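Starting off with a structure, shown below.
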Amino acid sequence: MDGGASSDSHISPKGKEEESNRTVLAILVGPPGSGKSTFCEAVISASRRPWVRVCQDTIGNGKTGTKAQCLKAAVDALNEGKSVFIDRCNLEREQRADFLKFCGSHTDMHAIVLDLPAKVCISRCVNRTGHEGNVQGGRAAVIVNKMLQNKEAPNLNEGFSRITFCQNDSDVKEVIKMYSELGPADKLSPGEFGKKSKKESGQQSIMKFFKKSAREENSQKEKEGASSSGNGAGNEFPTLAFPSISTADFQFDLDKASDIIVESAQDFLKRVDNVRLALVDLSDKSRIISLVREKVMKKGIDSNRFITFVGDITMLYSKGGLRCTAIANAANWRLKPGGGGVNAAIFKEAGEALDIATKERAETLNPGSSVAVPLPSTSPLYQREGVTHVIHVLGPNMNPQRPNYLQNDYTKGCKILRDAYSSLFESFASVACLERNKKPKLVELKDETSGESKKKENQEEVKSRNQNQTTTTSGKSKNKENREEVKSRNWGSWALALYNTAMDPEKYKDGLLEIADDFIVLNDLYPKARKHVLVLSRLNGLDCLEDAKREHLPILKSMHSAGVKWVKKFLSEDPSPHFRLGYHSVPSMRQLHLHVISQDFDSPSLKNKKHWNSFNTAFFRDSVDVIDEIEEHGSAKLSGEKLLEMELRCHRCKSAHPNIPKLKSHIAKCRASYPPHLLQNSRLLSASNNDLNIN
DNA sequence: GTTCTAGAAC
DNA sequence: GTTCTAGAAC
């Protein structure tokens, strides 16, 4: 494989050989309510390419349409040089087969799988009216459930050249955009995109949304294995390709660097399943590659999950058959294109789109940190290589010829390099949409992870506050502190405002939004976002989350419901914000209160690090998790106040920012999707959130 | 929790 | 010089 980053192959090889105006037959796959018709209409109204939507619900002119009618309409349209959407459920392989048979040599066969959660589809069906096929109202749930029982995900071996999976609304949006931008002569690159890993689909699907037989999966694996140029690994894992950080221009010691790469990777892979890391270097004489290979072998790291790869990081799929979800860029601190090496090559291949998308995320990068930038679908790296994200990462600089070098301080250098890899891998974990519930460590970023042991200590401390000091098994000098804390929790007079309100709401009723038997709702006096209310318990003695035990579950649940009710009310006035409901691990004000807060954090009262981190680190405990944990263990996990001193990171894209003003100007424009953790379990409530309709 | 302000960081 | 943080007082 040639190592040149500057070959001419950024022009898709397919682009040259294809005559213009090839047609596309795109089969939508998804149950009623998954948004097939909306998808088609959105693309058709925006596209320069002529599209025809063939819909079985409408093709019969009032009567129920047939598949045969759809086939005929599709073939007619293709013959006229138009591209076609097949808008019917197409959930079973057999249902799709006939359409694929008509695939002439001038037509690309695509599948677009709208793999949204079943409950979302059901709820949409139940709530809609005037549906073309009358799948709506009460009968919809039965129909959708039945259809979902035995469905098969489309497979390349059915004859599709491209299959795109959408798991959520933002995927759908992105794919609509991609198809809308497809000009008459353009072609999307072949392959499977956006597919969930096996583990994820197992965890997310309530009713085995798309069943796939083991036999099929194996044959698919064989197929992929055969075409993957003998790198020995199947292509089913999300893969991060990364160059060695700091060892080129920044002259980091190779031996030390290789240790850090291997250790960081091993640590990451231990904690995260279903991902793969690929260290990439241009030259097969690369010293860093051989050092890493040697150490990987010694450590017995799974060679399917950590690979070394010689090749151009911008052409891993097109030239090397290695499909990567994300590639890391050894960036400079200004996040500028150019320079040399990997940074120049990636910015060049990704096109201007990456520069623009990067600017939207962050202006600068600190050594030891990273920022993940989603690649616009127009980028050649996305279209040709199937790369969805570029993760910029900055390592330590040991080069005396460069400004701000570390003067051979390898204590500092090694720490920064470790931080850089940890941050890179964590960013990748977010990108790869990992299920992180079962591994609480993963929820934390690098810096939080390093604070993990401290956090544990803190939790223990908090726990032991409630115990008598005679339990001295691991007591040490903490006992003195404990004794003081056990005696009384000293609330300053300023910290009693909520308590006083809860005990005598009538006195303060002018400022209250709602007074119920067991809780009160009021606006936070210093709101940290456009919408920020408190649901305040009225129970005397329930001072904070630490006090909440099983007997408090009814009040916790009723506070939660009240919070959700107010979210609904806010969303009915303005559907744009997202909300979280949760408690501070260690509150400043006495009397248990639930924060209901919109995620814009656009407020002059949000002034310092503590404010930010109290809502955007594990210090903030989502109400849903608190209830689950108390149900399961009798108490909720608490995080220590150490987290409040953490570096400032955007709650959406996780980029780091040096101070509050910079962070605030960033979050005002950041539109990255929220971290996967927040998208689960209704931690994040929005107008499109189905749970709001059900509760 | 906020306000105030010294002094660190830029 | 200005901006921003962090600690003390309330």
Side-chain angles (χ1 to χ4, degrees), chain A residues 333-335 362-369 394 403-404 406 412 416 447 451 454 462 481 484-485 488-505 507-508 511-513 519-538 542-547 559 580-598 601-617 619-621 638-650 655-668:
Chain A
W333 75 278
R334 287 182 195 275
L335 292 166
E363 283 157 24
T364 59
L365 198 59
N366 291 327
S369 64
L394 184 60
N404 302 320
L406 282 176
K412 221 179 201 174
I416 295 174
D447 297 290
K454 286 175 208 156
V462 167
E481 292 166 36
E484 280 163 7
E485 293 221 291
S488 70
R489 211 180 274 130
N490 287 325
W491 300 101
S493 59
W494 49 265
L496 298 174
L498 290 176
Y499 173 78
N500 293 334
T501 309
M503 293 307 114
D504 194 0
K507 198 167 154 190
Y508 304 89
L512 305 179
L513 297 170
F519 63 82
I520 290 162
V521 183
L522 66 158
N523 276 314
D524 193 298
L525 189 58
Y526 299 93
K528 302 301 182 291
R530 287 187 201 138
K531 290 287 177 195
H532 184 182
V533 301
L534 304 177
V535 182
L536 180 64
S537 153
R538 293 184 64 180
L542 184 54
D543 286 352
C544 58
L545 190 53
E546 192 192 342
D547 297 340
M559 288 166 70
R580 271 177 92 183
L581 276 64
Y583 300 88
H584 284 157
S585 286
V586 185
S588 303
M589 307 284 278
R590 178 173 171 185
Q591 194 67 9
L592 184 73
H593 52 282
L594 173 68
H595 290 272
V596 176
I597 185 163
S598 60
F601 296 108
D602 173 14
S603 162
S605 296
L606 197 160
K607 290 177 174 164
N608 60 42
K609 196 177 241 191
K610 188 176 170 182
H611 292 153
W612 177 258
N613 282 334
S614 71
F615 290 100
N616 291 291
T617 63
F619 186 85
F620 186 82
R621 302 299 336 277
L638 304 175
S639 292
E641 287 167 282
K642 272 271 177 310
L643 287 177
L644 300 177
E645 289 150 33
M646 289 220 346
E647 63 181 344
L648 298 165
R649 281 185 183 268
C650 170
S655 57
H657 300 268
N659 55 45
I660 287 288
K662 293 250 164 54
L663 174 76
K664 288 180 102 172
S665 66
H666 168 80
I667 58 171

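Naming: A, B, ... by sequence-line order, numbering from 1 per chain. Owing to the predicted nature of the structure, the values given are computational and were not obtained by experimental measurement.
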Summarise protein proximity over nucleotides 1-10 of chain C in one line of letters, 5' to 3': B for base, S for sugar-phosphate only, - for none, counting protein heavy atoms closer than 4.0 Å.
-> ---SS----B
Partner of A/Leu534 under side chain to side chain contact (heavy atoms under 4.5 Å, CB included), picked from A/Asn523, A/Ile520, A/Asp524, is A/Asp524
Describe, in one word, how the ring planes of A/Phe615 and A/His532 are oriented to each other, choosing from parallel (under 30°), tilted (30 to 60°) and perpendicular (over 60°).
->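 A/Phe615 and A/His532: perpendicular rings.
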Take atom CG in A/Asp504; do more than 12 heavy atoms of anything else shown fall under 6.0 Å from it?
->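 Atom CG in A/Asp504 is crowded, with more than 12 foreign heavy atoms closer than 6.0 Å.
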Check A/Leu643 against A/Phe619 and note the closest heavy-atom contact, atom names and distance.
-> CD1-N, 3.5 Å
Which is true for A/His593 with a 4.0 Å heavy-atom rule: it touches a base, it touches only sugar-phosphate, or it touches nothing?
-> nothing
Between A/His611 and A/Ser603, is a side chain to side chain contact (heavy atoms under 4.5 Å, CB included) present by the stated rule, with each step listed?
-> CA-CA 11 Å; A/His611 292 153; A/Ser603 162; over 6 Å; no
